[in-house]
Amino acid sequence: VTDNLLSAEKLAVARAVFAHLPDGSRGDITSGVCATAVAHCLTVEAYRELSRPLDGLLASRSVCFLRPEPPLIYPSTDSGASELWSQGAGFAIQHLEQRNAIVNVLCGLITEREECLVTASLYVSRLGSTSMSEHIDAWDAWLLQLVGTKAFMLRHANRGRLELAAGDWVFLPSGVPHAVSTPSTLSIHLSVNLHRQRKPAPN
Amino acid sequence: MRGLSDMSTLAHYMGIQEESQEILDVDEEFTNGALHPLVPSAAVTYYYNNDPETKAHVHYETGM
């Protein structure tokens with residue numbers, strides 16, 4: 001059934017997610033816990049994206065697998081993706097704001113407030129997965145853990161190791177060196193990325 | 001045209017296809033009426049503007 005309208009309930013969830021976003025202007029690392037309904041709604045959307053036909057995602061280079069070196073691998077075939085997963089590489093679905101309606105609205109609300117380009121990625125890994133080596137992102141990231149746990153090793157004066165369980169979030173300003181590992185059987189987290197130096201490119 | 005169940009998905013490779021389907025069976029997907037004007041959304045718009053029976057195929061097989 002399609003009525004070309006977001007349901008009021010789900011739109012409220014998008015706004016609730018937005019309400020959780022901390023003010024990142026001071027550059028602090030902050031963390032907290034999301035409302036259960038918010039985490040649940042976004043978890044459903046995560047499973048929805050994982051259930052999309054894979055061929056189009058691959059064709060548009062929207063899925064990258066994560067390894068220490070080279071850090072990002074974009075497979076072009078189903079078998080390539082399957083092999084990388086079986087080898088233990090975690091992966092990310094990029095530009096979720098262009099694929100998922102609730103994430104689209106969420107990123108739009110943040111764009112309105114922050115006046116910068118906002119994108120979103122979904123990260124998936126499992127116990128023992130490989131990922132990128134310690135690195136620095138050029139964007140502020142609001143990370144919301146949806147499934148399982150994820151450990152962040154931060155090289156920062158005030159924070160060291162940080163472990164997120166389902167429903168937890170952390171706001172990680174750009175420029176903080178970090179590496180990740182997966183302590184749980186499966187981990188899924190959403191990363192909402194604020195590109196402070198880039199203006200939005202609306203439709 | 002292939003059925004959705006015949007398509008490869010990340011959930012399939014992860015071994016969570018059944019669990020995912022159970023979750024999605026009770027949760028409808030958004031439509032495009034309220035997409036945000038400040039966020040490029042060609043892929044979502046294209047998806048929803050096509051026939052509901054084939055939208056997934058059209059959307060993803062064109063790589064949008």
Side-chain angles (χ1 to χ4, degrees), chain A residues 1-7 10-11 14 41 43-63 77-79 81-82 84-86 91 93 95 97-112 117-119 124 126 147 186 200-203, chain B:
Chain A
V1 177
T2 55
D3 59 7
N4 281 339
L5 289 173
L6 284 175
S7 71
K10 288 188 175 179
L11 189 56
C41 177
T43 301
V44 169
E45 298 310 311
Y47 279 107
R48 191 187 310 287
E49 297 309 316
L50 293 170
S51 301
R52 305 283 199 200
L54 180 56
D55 47 5
L57 289 170
L58 298 177
S60 58
R61 289 173 59 86
S62 297
V63 180
T77 62
D78 286 11
S79 58
S82 173
L84 283 162
W85 177 254
S86 65
F91 64 86
I93 302 177
H95 287 294
E97 79 285 354
Q98 297 186 23
R99 299 189 165 278
N100 184 281
I102 188 171
V103 178
N104 176 281
V105 173
L106 169 63
C107 290
L109 291 169
I110 300 170
T111 293
E112 283 180 3
L117 177 68
V118 178
T119 61
V124 179
R126 55 185 166 172
V147 176
L186 175 66
N203 285 319
Chain B
M1 184 171 285
R2 293 174 298 174
L4 282 176
S5 59
D6 299 327
M7 288 184 168
S8 296
T9 65
L10 289 166
H12 170 76
Y13 290 127
M14 294 165 62
I16 60 168
Q17 192 170 29
E18 192 170 320
E19 178 185 357
S20 298
Q21 196 57 54
E22 287 178 3
I23 292 170
L24 299 180
D25 280 347
V26 296
D27 195 292
E28 287 184 8
E29 187 164 13
F30 279 171
T31 56
N32 71 331
L35 292 178
H36 201 287
L38 288 179
V39 181
S41 54
V44 184
T45 305
Y46 191 89
Y47 177 89
Y48 286 109
N49 283 345
N50 283 279
D51 182 343
E53 293 299 319
T54 60
K55 58 186 181 182
H57 303 279
V58 173
H59 173 53
Y60 282 98
E61 290 182 359
T62 56
M64 289 194 65

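Chain naming here is simple, since letters A, B, ... match the order of the sequence lines and numbering starts at 1 in each.
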For a side chain to side chain donor-acceptor pair (under 3.5 Å) with B:Ser8, tell me which candidate from A:Asp78, A:Thr77, A:Asp55 qualifies.
-> A:Asp78

Is chain B contacted by the side chain of A:Leu58, its backbone, both, or neither, given a heavy-atom distance below 4.5 Å?
-> neither

B:Leu10 versus A:Val124: any side-chain heavy-atom pair under 4.5 Å?
-> no

CD1 of B:Ile16 to OG of A:Ser51, rounded to nearest 0.5 Å, is 7.0 Å

Sub-4.5 Å side-chain heavy-atom contact between B:His12 and A:Leu54 | no

B:Leu24 side chain reached by A:Val44 side chain, heavy atoms, under 4.5 Å = yes

Apply side chain to side chain contact (heavy atoms under 4.5 Å, CB included) to A:Tyr47 and B:Glu22, showing your working.
-> CA-CA 10 Å; A:Tyr47 279 107; B:Glu22 287 178 3; over 6 Å; no

B:His36 vs A:Thr111, side chain to side chain contact (heavy atoms under 4.5 Å, CB included): CA-CA, chis, key distance, verdict | CA-CA 10 Å; B:His36 201 287; A:Thr111 293; 5.6 Å; no

Can you say whether A:Leu117 sits under 4.5 Å from chain B via the side chain, the backbone, both, or neither, judging by heavy atoms?
-> neither

What pair of heavy atoms forms the shortest contact from A:Glu112 to B:Leu38, and how long is it?
-> CG-CD1, 3.8 Å

